[in-house]
Amino acid sequence: MTQITALNNKKHLLINLLFSSIPFTFIIGISALNLNILLFIVAGFSLFFKDFLKLKFSLTDKIVIIFFSFIVFTGLFNTVENYYFGDREYIYLPGIPLADGKNHDFTILLKTFAYLRYLILYFVLKLLIEKGYLKYKIFFISSSFFCLFVSLDIIFQYFMGVDVFGYESPTARKLSGPFHEELIAGSYIQRFSLFLLFLFPVFYKIKNKIILSFVCLFLFSLILISLIIAGNRIPFLLFLITIFLIIITEKQLKKYIWFILLFGSIVFTTLFYTNKNININFKNFFRETTVIFKVINPINLFKNYSFDRANLPEHFDEFESFYDTWHMNKYIGGGVRSFRLNCPKRKNIYIGATPESSERGTCNTHPHNYYLEILTELGLVGFIISLVIISRVLWGYVYFNSFFDNNSIQRKIIIPFFMLFFAEIFPLKSSGSFFASSNSTFIFILLAVTATLIDKRKT
């Protein structure tokens, strides 16, 4: 019996170490992250295979399965359609010649089946949570440590010109920290910030409320300052939104709302007026946001409001390019990662002076918004399925909260996962690709943990 217990403890430790390594591999790069996820999935299946056979599916789980089944369907459909009727001849898989000597593109099909790893990731996490194998404390500590590291590295780079590894930021307006040439430090900090803020209130019982408040305020200040100087505006706003939602939904925190608002305003104003790059960065953001809202304002649309394209932010062309691309496959979409293939073939929205400034100039690898990308790649059907999943999680969280008092550990654990999920699927933001490895990993981790905790409480 002792040997069996020791073996189980080793299995649980291994799977939790792999899961808690995810914040670290986010920093190292996509290859390390994908390897981490692969090892986590393989270990989960091999170590807990018998438990998988007994797994029961909730309604949310079934809808997630439908979502991935539809992804497979649209991937197969578009590949077959292109094979027989399409005109794409990009060489992706060499050595598959047809009678006419041409090679056909199997990019969508390969991307589709590779994407199924996130379905497996979802159910591995579900199993670990339901069986009580997942140790949240280890994940919170790991996320907090690396979030704190990136925050301090950004501040170090701000004062010294290089980060602790000697990396210079590729631009003065934004800082990259340990990500070298990738300007994603702000996004990383925002994604793991709430685990840092909730680490001490949830897992370390600091009885002295003054000390606990000081620790939380210090960590909040550190995150806020690093987000501002990192220069990623959307992550900064998403962090503020999640903090505001937490404060107004937690009874014991409501009394601090005015203090947090005043303190945050002082920090931002001080940095805004004392640093030229921060000043320019956020002024540009305010200007670009104002211009976009004027363009999409229904009143201006009815007035045939004219605007100068030269003053529009570059993301606007990417948002705009989605429409005709979506119309190419309105109902089932073009398949996973198909936007980059279909966008150049759409009807041009804007004719520039050169071909590069018209067709190719307005096409990117994705339309920089999760919902627009889902519409173009999975169509209306996939879009509706994804909305059903999101709606169930949002409503389930409200239902979940009605069963717990404010001081319960279960409630405190789910708050950062849900709030980060809400920030991740927030519709009014520019974003990377929904189907990119880093984004999908983060989304389905948050979805799996939140949905499983909600469904577990219901039962």
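Everything quoted here is computed from the prediction, not taken from an experiment.
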Discussion item. Give me each pair satisfying side chain to side chain donor-acceptor pair (under 3.5 Å) with a member in residues 209-224, each pair once, sequence neighbours excluded.
Written reply: none
Worksheet item: Ring centres of F123 and F57 under 6.0 Å apart?
Response: yes
Discussion item. Test your reading of the model: is there a side-chain donor-acceptor pair from S226 to the backbone of S151, 3.5 Å cut-off?
Written reply: no
Worksheet item: Can I22 and F40 be said to form a side-chain contact (heavy atoms from CB on, under 4.5 Å), step by step?
Response: CA-CA 10 Å; I22 290 174; F40 178 71; 5.5 Å; no
Worksheet item: Do the side chain of N16 and the main chain of K135 share a donor and acceptor less than 3.5 angstrom apart?
Response: yes
Practice prompt. For the pair L148 and L152, evaluate side-chain contact (heavy atoms from CB on, under 4.5 Å) and give the outcome as yes or no after the intermediate values.
Written response: CA-CA 6 Å; L148 189 61; L152 292 173; 4.1 Å; yes
Practice prompt. Decide side-chain contact (heavy atoms from CB on, under 4.5 Å) for F444 and L125; before the verdict, give the C-alpha distance in whole Å, the side-chain angles of both, and the deciding distance to 0.1 Å.
Written response: CA-CA 9 Å; F444 283 101; L125 277 171; over 6 Å; no
Worksheet item: Any idea which heavy atoms bring S20 and I138 closest together, and the distance?
Response: OG-CG2, 3.1 Å
Practice prompt. Measure the spacing between OG of S46 and CD1 of I41 and express it to the nearest 0.5 Å.
Written response: 11.5 Å
Response to the item:
The reported gap from CG in L237 to CG in L227 (rounded to nearest 0.5 angstrom) is 10.0 Å
Item to complete: Mind checking side-chain contact (heavy atoms from CB on, under 4.5 Å) for D51 and listing every partner two or more places apart, or none if nothing turns up?
Response: F48, L127, K131, Y133
Discussion item. Please check: side-chain N/O of K429 versus main-chain N/O of E424, any donor-acceptor pairing under 3.5 Å?
Written reply: yes
Worksheet item: Does any pair with a residue in residues 207-230 pass ring pair (Phe, Tyr, Trp, His ring centres under 6.0 Å), and if so which ones, sequence neighbours excluded?
Response: F220-F239
Worksheet item: Between the side chain of E377 and the main-chain N/O of R337, is any donor-acceptor distance below 3.5 Å?
Response: yes
Worksheet item: Are the aromatic rings of F421 and F442 close, with centres under 6.0 Å apart?
Response: no
Worksheet entry | Audit row: S31, N34, side chain to side chain donor-acceptor pair (under 3.5 Å) steps and yes/no | CA-CA 5 Å; S31 297; N34 285 331; 6.0 Å; no
Worksheet item: Between K111 and V336, is there a donor-acceptor pair closer than 3.5 Å when you use the side chain of the first and the backbone of the second?
Response: no
Fill in: Under 3.5 Å: donor-acceptor pair, side chain of T74, backbone of I332
yes
Worksheet entry | Exercise: identify the closest heavy-atom pair between V164 and D153 | N-OD1, 2.9 Å
Worksheet item: Going by heavy atoms in the side chains, are F434 and Y371 under 4.5 Å from each other?
Response: no
Worksheet item: Sub-3.5 Å donor-acceptor pair from the side chain of N232 to the main-chain atoms of P235, do we have one?
Response: no
Worksheet item: Heavy-atom distance under 4.5 Å between the side chains of S21 and S142, does that happen here?
Response: no
Worksheet item: Could you state the interatomic distance from CG (L380) to CG (L387), rounded to the nearest 0.5 Å?
Response: 10.0 Å
Item to complete: Of all the heavy-atom pairs spanning F67 and S386, show the shortest one and how long it is.
Response: CE1-CB, 4.0 Å
Practice prompt. Report yes if some heavy atom in the side chain of I413 is under 4.5 Å from a heavy atom in the side chain of F417; otherwise report no.
Written response: yes
Worksheet entry | Pair Y118 and Y115, ring centroids less than 6.0 Å apart | yes
Item to complete: Spell out, as yes or no, whether a donor-acceptor pair under 3.5 Å connects the side chain of T450 to the backbone of L447.
Response: no
Worksheet item: How would you list, by chain and number, every residue that makes a side-chain contact (heavy atoms from CB on, under 4.5 Å) with I247, sequence neighbours excluded?
Response: I243, I257, I260
Worksheet item: Does any non-hydrogen side-chain atom of L194 lie less than 4.5 Å from one of I246?
Response: yes
Fill in: Heavy-atom pair with the smallest gap, counting every atom of S430 and I234
OG-CG1, 3.8 Å
Fill in: Spacing of I71 atom CD1 and L116 atom CG [to the nearest 0.5 Å]
7.5 Å
Practice prompt. Evaluate the side-chain proximity of I241 to F244: yes if any heavy-atom separation is below 4.5 Å, no if none is.
Written response: no
Fill in: Backbone N/O of I280 and side chain of N284: donor-acceptor pair under 3.5 Å
yes
Discussion item. Applying side chain to side chain donor-acceptor pair (under 3.5 Å) as the test, list every pair that has at least one member in residues 165-188; sequence neighbours left out.
Written reply: R173-N281
Discussion item. Take a 6.0 Å sphere around CZ of F145 and say whether it holds more than 12 heavy atoms from other residues, nucleotides or ligands.
Written reply: no
Worksheet item: Are the ring centres of F272 and F268 closer than 6.0 Å?
Response: yes
Worksheet item: What heavy-atom pair brings G177 and I154 nearest, and what distance separates the two atoms?
Response: N-CD1, 3.6 Å
Discussion item. Taking the ring centre of each residue, are F203 and F140 less than 6.0 Å apart?
Written reply: yes
Discussion item. Could you go through S437 and R117, starting from their C-alpha distance and side-chain angles, then the distance that decides it, and tell me whether this counts as side chain to side chain donor-acceptor pair (under 3.5 Å)?
Written reply: CA-CA 10 Å; S437 296; R117 65 188 183 273; 3.1 Å; yes
Worksheet item: Within a strict 4.5 Å, meaning less than it, do heavy atoms of the I389 and V64 side chains meet?
Response: yes
Practice prompt. Measure up the F418 and Y397 rings against each other and bin them: parallel (under 30°), tilted (30 to 60°), perpendicular (over 60°).
Written response: parallel
Discussion item. When you measure from the side chain of N439 to the backbone of S433, do you find a donor-acceptor pair of N or O atoms at a distance under 3.5 Å?
Written reply: yes
Worksheet item: Can you name the side-chain hydrogen bond (donor to acceptor under 3.5 Å, both in side chains) partners of T25, sequence neighbours left out?
Response: N36
Item to complete: Please examine the side chains of L378 and I374, heavy atoms only from C-beta on, and report whether any two atoms are closer than 4.5 Å.
Response: yes
Worksheet item: If you draw a 6.0 Å radius around CZ in F52, do more than 12 non-hydrogen atoms from other residues or ligands fall strictly inside?
Response: yes
Practice prompt. Using the six-membered ring of Y204, assess whether NZ or CZ of K137 lies under 6.0 Å from its centre and within 45 degrees of the ring axis.
Written response: yes
Discussion item. Please determine whether side-chain contact (heavy atoms from CB on, under 4.5 Å) holds for the pair R191 and F26, giving the CA-CA distance in whole Å, both sets of side-chain angles, and the decisive distance to 0.1 Å.
Written reply: CA-CA 11 Å; R191 281 180 164 178; F26 259 97; 3.8 Å; yes
Worksheet entry | Any L224 side-chain heavy atom under 4.5 Å of I228 side chain | yes
Item to complete: Decide salt bridge (Lys or Arg N to Asp or Glu O under 4.0 Å) for K56 and E130; before the verdict, give the C-alpha distance in whole Å, the side-chain angles of both, and the deciding distance to 0.1 Å.
Response: CA-CA 10 Å; K56 295 181 179 179; E130 287 195 344; over 6 Å; no
Practice prompt. Verify whether one side chain among T452 and D455 offers a donor that lies under 3.5 Å from an acceptor in the other.
Written response: no
Worksheet item: How far does CD1 of I390 sit from CD1 of I385, to the nearest 0.5 angstrom?
Response: 12.0 Å
Fill in: F286 atom CZ: more than 12 heavy-atom contacts under 6.0 Å
yes
Worksheet entry | Atom CZ of F24 with >12 non-hydrogen neighbours under 6.0 angstrom | no
Worksheet, complete the sentence: On a heavy-atom basis, the closest approach of I454 and V393 is CD1-O, 3.8 Å
Item to complete: Could you tell me whether F139 and F195 have their ring centroids closer than 6.0 angstrom?
Response: yes
